[in-house]
**Student:** 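Let me begin by handing over the structure; questions about it come next.
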Amino acid sequence: MSEETTKPSNFIRNIIKADNESGKHGGRVHTRFPPEPNGYLHIGHAKSICLNFGLANDYDGLCNLRFDDTNPQKENEEFVNAIKEDVRWLGFDWQERLFFSSNYFEQLYTYAVQLIEQGNAYVCDLNAEQTREYRGTLTEPGKNSPYRDRSIAENLDLFSRMRAGEFVDGSKLLRAKIDMASPNVNMRDPALYRIRHDVVHHQTGTEWCIYPMYDYTHCLSDSIEGITHSVCTLEFADHRPLYDWFLDTLKVECHPQQIEFSRLNLQYSITSKRKLTKLVEEGLVEGWSDPRMSTISGMRRRGYPAAAIREFCERIGVTKSDNSVEMEILDACIRENLNENATRAMVVLDPVKVIITNYPEDKTEELIAPKHPQNESMGTRVVPFSRELYIDRADFKEEANNKFKRLVKDKEVRLRNAYVIRCDEVIKDEKGEITELHCSYDPATLGANPEGRKVKGVIHWVSAAHGVKAEVRLYDRLFNHPHPDSDKEVDDFTVHLNSDSLVTLTESVVERSLVDAQAGTVYQFEREGYFCADSELCRDGKLVFNRTVTLRDTWAKIA
RNA sequence: UGGGGUAUCGCCAAGCGGUAAGGCACAAGGUUUUGAUCCUUGCAUCCCCAGGUUCGAAUCCUGGUACCCCAGCCA
């Protein structure tokens, strides 16, 4: 795709268009997605991934995957691998451009030495608490560190000894010498390097005992990679002067442009890595890929198609304004995709037995049903019909007004893809619970409307002898508060956890064609919703389906 | 008068001085062997507020107001 694109405009695309016209970066577009491997990616990252890779794609540019791995205490290889898998699954390709900030540690060290030589950085002996005190507050300027005016020679010596491991953690810091009175606290002599012994970095092992800070590392990594547009979220806008300061002060050739956009806030979910980590670590969910999680791996296991997530990221747009996106937009994207692509099936979630009293006991018909009612090319499936069936308990009432378009005692209903039946008798146990419905079928109604009467209701069913038992997991939103992580009334967001977010059905019966369901495949269980064969729980012939999303249900609103 | 950012329909969001796109949601019809899908129609005389400039302002100017972010040796 070139610049002549149909994608909706946004302010970043406008900047790129203007840059391309003025020749600012030589007409190049080179972005990067820079995750820190300290957790799994979530829907907010998906927005950033789609933006960065999408921009590169639309303007014939490139997008790198770069792990921002400067804090070995929180990072590990598991996260690196999970992130790569998620980005790839989302449909993006970094080709040979997989990088780590740690690839540049040596270069970064050299730049730091240059800063010291230029008199732009110094080694500071203040401890953490003192550093904070010297920094001042938002409304009061800070004051200069007593170590600020060490000689260049002393700084050079100290810094090389920091690297050599002569000093203990926290005893020294390399700091930029900028302005302790800056109204922007980020400019008050920010830390460049801290000392960290006793940690093994997932990429560099124990080679280093000093690690560079984000602000220092990020801009230079961008510059080294020849990034043109360094897109990040709004909270980094205050860091932009620092981003530019490092690049200007070091007089590097490539000076990328940092552009900030607002992060996604999805209602009834959480997009904070720290809080998602808490859910996992405290066992409040079944791991990072729990289908209720807003993680990419959770959504994948839930059955959300990658294309639907990409479409969602497209629809919500990119701006700098605070937002609160309704879950309905995501749901609409999921349904739109799955309605078009998912094979149809009949599944009885909560079975009650139906006996067709006028149907021969030993007979079975192999009825043919389309895999998709609007798309013949998807083919057909065989649905066995016999004397004993299951229908859903919710699809029967002994008495109901004619708004209830399902089975009612002494009334008729259409069995989807099969015959019209009438309920003649209701059998109950001693507790009054319905155990069987005795019905009669009209043999003339297979693929034809009954003579002289209209049957408007259609319900789904499964042949008792041919259906297969399965576990069905009904998922709902994980939280029952639209903004669980910004409710100032409570001190712990977990109080907003929805206790009904998972309802497990163990007695469901699926039609025979589903026994071979491949993990990850999403089906439409007609009249119920979209369900995905679980990738972790379908084992040894056991069938487990996750509800991806329900069908739109206008009846539920009325009833 | 610490700094930075944002304010257009319930939600998201175009708009860049020429007279308010689109999507979601919602409402009303039609088709339908999924109360699904699909189709049709409706849905901001008004763009945070108040002044001003202009033939003309959501777009420019001035002054307010509200909300978000920043004081990690996290990113």
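Below, read A as the first sequence line, B as the second, and so on, with proteins coming before strands; counting in each chain starts at 1.
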**Student:** Report which part of the nucleic acid A:K557 touches: base, sugar-phosphate, or nothing (heavy-atom distance under 4.0 Å, all strands).
**Tutor:** sugar-phosphate

**Student:** At 4.0 Å (heavy atoms only), tell me whether A:N417 reaches a base, stays on the sugar-phosphate, or touches nothing.
**Tutor:** base

**Student:** What nucleic acid atoms does A:R196 come within less than 4.0 Å of, heavy atoms only: base, sugar-phosphate, or nothing?
**Tutor:** base

**Student:** Tell me, with the steps shown, if A:Y109 and A:F159 meet ring pair (Phe, Tyr, Trp, His ring centres under 6.0 Å).
**Tutor:** CA-CA 10 Å; A:Y109 181 84; A:F159 187 49; 4.7 Å; yes

**Student:** Is A:D395 salt-bridged to A:R527, going by a charged N under 4.0 Å from an acidic O?
**Tutor:** yes

**Student:** A:A332 near the nucleic acid: base, sugar-phosphate alone, or nothing, with a heavy-atom cut-off under 4.0 Å?
**Tutor:** sugar-phosphate

**Student:** What is the nucleic acid contact for A:R552, judged by heavy atoms within less than 4.0 Å: base, sugar-phosphate only, or nothing?
**Tutor:** sugar-phosphate

**Student:** In the structure shown, which nucleotide is the Watson-Crick or G-U wobble counterpart of B:rG2, with both distances under 3.5 Å?
**Tutor:** B:rC70

**Student:** Before accepting this row, confirm whether a basic side-chain N of the pair A:R188/A:D179 lies closer than 4.0 Å to the acidic partner's carboxylate O.
**Tutor:** no

**Student:** When we call it a touch if two heavy atoms are under 4.0 Å apart, what does A:G447 touch: a base, just sugar-phosphate, or nothing?
**Tutor:** base

**Student:** Base, sugar-phosphate or nothing for A:A418? Non-hydrogen atoms, less than 4.0 Å.
**Tutor:** base

**Student:** A:F236 near the nucleic acid: base, sugar-phosphate alone, or nothing, with a heavy-atom cut-off under 4.0 Å?
**Tutor:** base

**Student:** So, is B:rG64 syn or anti if syn means the angle is within 90° of 0?
**Tutor:** anti

**Student:** With sequence neighbours excluded, what pairs up with A:K172 under the salt bridge (charged side-chain N to carboxylate O under 4.0 Å, His left out) test?
**Tutor:** A:D125

**Student:** Suppose we screen for side-chain hydrogen bond (donor to acceptor under 3.5 Å, both in side chains). Which residues come up paired with A:H372, at least two apart in sequence or across chains?
**Tutor:** A:R344

**Student:** What nucleic acid atoms does A:L138 come within less than 4.0 Å of, heavy atoms only: base, sugar-phosphate, or nothing?
**Tutor:** base

**Student:** Give A:Q73 one of three labels, base, sugar-phosphate or nothing, depending on what nucleic acid heavy atoms sit under 4.0 Å from its own.
**Tutor:** nothing

**Student:** Which nucleotide, in any strand shown, forms a Watson-Crick or G-U wobble pair with B:rC48, with both distances under 3.5 Å?
**Tutor:** B:rG64

**Student:** For A:F33, enumerate each residue passing the ring-ring contact (aromatic ring centres under 6.0 Å, His included) test, keeping only those at least two apart in sequence or located in another chain.
**Tutor:** none

**Student:** Any chance the side chains of A:H202 and A:N76 put a donor and an acceptor closer than 3.5 Å?
**Tutor:** no

**Student:** Can you give the first and last nucleotides of RNA chain B, 5' to 3', that have an atom under 4.0 Å from a heavy atom of chain A?
**Tutor:** B:rG2 to B:rA75

**Student:** Could you identify the nucleotide paired to B:rC55, looking across every strand shown and requiring Watson-Crick or G-U wobble geometry with both distances under 3.5 Å?
**Tutor:** B:rG18

**Student:** Indicate, with a heavy-atom threshold strictly under 4.0 Å, whether A:T137 touches base, sugar-phosphate, or nothing.
**Tutor:** base

**Student:** Flag this pair as yes if the NZ/CZ of A:R196 is under 6.0 angstrom from the six-membered ring centre of A:Y211 and inside a 45 degree cone about the axis; otherwise no.
**Tutor:** no

**Student:** How do A:F11 and A:R527 order along RNA chain B: which one's closest nucleotide is nearer the 5' end?
**Tutor:** A:F11

**Student:** Kindly write out the residues that satisfy side-chain hydrogen bond (donor to acceptor under 3.5 Å, both in side chains) with A:N375, not counting sequence neighbours, or none if the list is empty.
**Tutor:** A:S377

**Student:** Is a salt bridge present between A:D222 and A:R32, judged by a nitrogen-to-oxygen distance below 4.0 Å?
**Tutor:** yes

**Student:** Specify the residue among A:R406 and A:T131 whose closest nucleotide of RNA chain B lies further upstream toward the 5′ end.
**Tutor:** A:R406

**Student:** Under 4.0 Å, heavy atoms only, any strand: does A:P34 hit a base, just the sugar-phosphate, or nothing?
**Tutor:** nothing

**Student:** Which residues, if any, of residues 165-176 of chain A bring a heavy atom under 4.0 Å of RNA chain B?
**Tutor:** A:G170, A:L173

**Student:** Which base sits across from B:rA27 as a Watson-Crick or G-U pair, both distances under 3.5 Å?
**Tutor:** B:rU41

**Student:** Considering only atom C1', compute the distance from B:rU54 to B:rU62 and round it to an integer number of Å.
**Tutor:** 16 Å

